[in-house]
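Note sheet for the following structure.
What you see below is based on every heavy atom in this structure, not just the backbone, and it leaves out hydrogens, waters and symmetry mates. Each chain gets a letter, A, B and so on, in the order its sequence line appears, and its residues count up from 1.
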Amino acid sequence: MGVIMAAPFSSHERSLPQARRMNGVSTIFTQATIKGMAESKITPRAQDFAAWYQDVVMQGDMAEPAEIVKGCMVIKANGYAVWEALQREFDDRFKATGHQNVYFPLLIPQSFLKKEAEHVEGFSPELAVVTIAGGKELEEPYVIRPTSETIIGHFFSRWIQSWRDLPLMLNQWANIIRWELRTRMFLRTTEFLWQEGHTAHSSHEEALDEALRILDIYAEVAEDVMAMPVIKGAKTLSEKFAGALRSYAIEAMMQNGLALQAGTSHDLGQNFGRAFEVQFQTKEGKLDYVWQTSWGVSTRLIGGLIMTHSDDKGLVLPPKVAPMKGVLVPIYRKDEERTAVMETARKLAQDLGIKIDDREGQTPGSKFFHWERRGVPVVIELGPRDVAAGNVVLKRRDTGTKHTVSLAEARHEFEKMLDQIQRDLYSTAKKRLNENSVQANSLAEVEKILRDVTAERGGGKFVFTHLKDDPACEARLKEFKATVRCIPLADEQDGAGTCIITGEHVPKRVVIAKAY
RNA sequence: CGGGGCGUAGCGCAGCCUGGUAGCGCACCUGCCUUGGGCGCAGGGGGUCGGGCGUUCAAAUCGCCCCGCCCCGACCA
């Protein structure tokens, strides 16, 4: 056999007759064979997007549910390596813009949360609280940080006295816990990893500049590194961070058309400064509260990455975040072929900086499937025919196309291919975003477009319409479970108009969508 | 927190209705053979059937209670 393997297995295929004839060669697929494969079973996107996502996460060896810990996940090596790549990209940019890394305690005195009225109200429902420690009931319980504004506010007040201490620009990489009712791997888990930046400034203008500068960094990494197009915008007042003056976010569109808030940056004003008495003496000698910002991206980005690029065969990773940019699969039959192929393979792999999949007892076919599922951008095939001809075959994960190139050009072609994949992934995603962005000019129109959209069924759109930034107006969207994702910073459409609820003048269209 | 589903070998499942002491496929181990998209053959190892209590001569199977996970809704990065 050897010629055939049908198209990738999918669940609808399981119901097909067990034996069939292709190219004159009969291939047998028993139900048990397909279902029982340790690596298999990816539900097609069109059938059930949410199930597809779960399958891709697990088959791609990115993560699995912790099972014994409710709502938590184990991030596996392949997934954590992506996180490390993202961490590097962000961390370099934070450092280059004057931020320093620090680490604050995981446990926060419960009373701290209560110091900012809106903050406590926003976070109370999702707090995990430690009441017993060392076998004794604590006098004051600790909450496990859901975010660190409060404890950082406390220390800021000790560290900041004068305008000379400002700006203070810190960042921490940490884990946090928010007791969520509904969890999905990477997108929303009880515990997750993130970075949280916290800065203090002497003027509102400077703080706002900082918040927007960080938003630019978030957008840059999302688009240039993750190949995930985003819309930068302000959150509405009802969607903003609990305790902020105004929140900003980057919003991405997943393949099912649902929005994903992929990063947020907050203008905290003086709210936490007042709550924690973070005062400084101005150049003029007067006392003022500091103007703060906070901002974060989390492991949720990995979920966004997966839902932006992956396909029914499994994970697709942009080269810039892929733990393995390529892998070489050697092909041989007899020992003498093996010797010749492996010798060339070793040189080539070293030249390309990639690994050889030299596992014995596995056919090349099973290796191709293996790396395909794990999203490796380029698979290099090298067999006796190639060695004889001085060639090598490069296969793109995203398009599935193969290119035969000479060994001498392999390195150049490999790098060119990686570069091309990175660009193509972005433009494909960008095109999808554009094609699924529509305008609406009445509430009925918005509802008609979004009413039947769900995470599983898909069909989501970004609906651009004129809506006043008023909780009462947004409440109307709840009737069909949509939200205002953001008020784009740049006017993405056609300027001012009248609010579809109140008829009042609003300066530009907002983005309404269903979201994760 | 409401609704639904599930829990039997590492994974996916059958067995349960009608009790009789556990089975299939994949994975794994050994050998031979194969290798350009999930090779084949032969042999082999692996399970306190989620937990507890009860009914019974006998419980994966029947009854009660508990636990956990997943999915769907209300809340959220």
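- The residue A:Tyr516 sits apart from the nucleic acid: no heavy atom pair falls under 4.0 Å.
- In the model, A:His198 has a side-chain atom that pairs as donor or acceptor with a side-chain atom of A:Glu196 under 3.5 Å.
- A salt bridge links A:Lys240 with A:Glu118: the distance from a Lys NZ or Arg NE/NH1/NH2 to an Asp or Glu carboxylate oxygen falls below 4.0 Å.
- Atom CE of A:Met58 and atom P of B:A27 are 19 Å apart (whole Å).
- Separating the CZ atom of A:Phe480 from the P atom of B:A74 is a distance of 13 Å, rounded to the nearest angstrom.
- Put simply, CG on A:Asp61 is 14 Å from P on B:C11, counting in whole angstrom units.
- The nucleotide B:C1 finds its pairing partner in B:G73, both defining distances of the Watson-Crick or G-U wobble pair being shorter than 3.5 Å.
- Distance OH/A:Tyr516 to CG/A:Leu260: 8.5 Å, rounded to 0.5 Å.
- Residue A:Glu126 is classed as a sugar-phosphate contact, given heavy-atom separations below 4.0 Å to backbone atoms only.
- At a threshold of 4.0 angstrom between heavy atoms, the contacts of A:Gln261 are confined to the sugar-phosphate backbone, with no base atom among them.
- Using a 4.0 Å cut-off between a side-chain N of Lys or Arg and a carboxylate O of Asp or Glu, A:Glu372 and A:Lys367 do not qualify as a salt bridge.
- For the pair A:Asp357 CG and B:G36 C1', the computed distance is 15 Å after rounding to whole Å.
- With no hydrogens or angles considered, a side-chain donor-acceptor pair links A:Ser366 and A:Gln362 at under 3.5 Å.
- Distance check on atom P: B:C17 versus B:C28 gives 36 Å, rounded to whole Å.
- Projected onto RNA chain B by closest heavy-atom contact, A:Lys240 and A:Gly383 fall at different nucleotides, the more 5' of which corresponds to A:Gly383.
- For the salt bridge (charged side-chain N to carboxylate O under 4.0 Å, His left out) test, no residue two or more places apart in sequence or in another chain qualifies with A:Arg88.
- Aromatic ring centroids of A:Phe186 and A:Phe192 lie 6.0 Å or more apart.
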Polar atoms only, N or O, under 3.5 Å: list the protein pairs with nucleotides 29-35 of chain B and their distances.
| residue | atom | partner | partner atom | Å |
| --- | --- | --- | --- | --- |
| B:U35 | O2' | A:Tyr332 | O | 3.2 |
| B:U35 | N1 | A:Tyr332 | O | 3.4 |

At a cut-off of 3.5 Å, list every protein nitrogen or oxygen paired with a nitrogen or oxygen from nucleotides 68-72 of chain B, distance to 0.1 Å.
| residue | atom | partner | partner atom | Å |
| --- | --- | --- | --- | --- |
| B:G68 | O2' | A:Glu67 | O | 3.3 |
| B:C69 | OP1 | A:Lys70 | N | 2.6 |
| B:C71 | OP1 | A:Gln54 | OE1 | 2.7 |
| B:C72 | OP1 | A:Glu456 | OE2 | 2.2 |
| B:C72 | OP2 | A:Arg182 | NH1 | 2.6 |
| B:C72 | OP2 | A:Arg182 | NH2 | 2.3 |

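- Note: NZ (A:Lys481) to P (B:G73) measures 7 Å, nearest angstrom.
- Going from the C1' atom of B:C64 to that of B:U56 covers 16 Å, rounded to whole Å.
- Between the CD atom of A:Gln59 and the P atom of B:C11 there is a distance of 13 Å, given to the nearest Å.
- Ring geometry for A:Phe241 against A:His266 counts as parallel: the plane angle stays under 30°, on a 0 to 90° scale with 60° as the upper cut.
- B:G20 and B:G2 have their P atoms separated by 37 Å, given to the nearest Å.
- B:G19 and B:G73 are spaced 40 Å apart, taking the C1' atom of each and rounding to whole Å.
- A:Val297 comes within 4.0 angstrom of no nucleic acid atom, judged by non-hydrogen atoms across all strands.
- When both distances must be under 3.5 Å, the Watson-Crick or G-U wobble mate of B:A22 does not exist.
- B:C11 atom C1' lies 13 Å from atom CG of A:Asp55, rounded to whole Å.
- Between A:Lys313 and A:Asp398 there is no salt bridge, since no side-chain N of the basic residue sits under 4.0 Å from a carboxylate O of the acidic one.
- Under the side-chain contact (heavy atoms from CB on, under 4.5 Å) test applied with A:Leu317, the options A:Ile306, A:Val82, A:Val376 reduce to a single match, A:Val82.
- Among the atoms of the strands shown, none is found under 4.0 Å from any heavy atom of A:Lys367.
- For the pair A:Lys235 and B:A77, the criterion of a side-chain N or O lying under 4.0 Å from OP1 or OP2 is not met.
- Taking a cutoff of 4.0 Å between a charged side-chain nitrogen and a carboxylate oxygen, A:Glu360 and A:Arg338 qualify as a salt bridge.
- When Watson-Crick and G-U wobble pairs are counted only if both distances are under 3.5 Å, B:G7 pairs with B:C67.
- A:Leu260 comes within 4.0 angstrom of no nucleic acid atom, judged by non-hydrogen atoms across all strands.
- The separation between A:Phe369 atom CZ and B:C26 atom P is 17 Å, rounded to whole Å.
- Across all strands shown, B:C28 forms a Watson-Crick or G-U wobble pair with B:G44, both key distances being under 3.5 Å.
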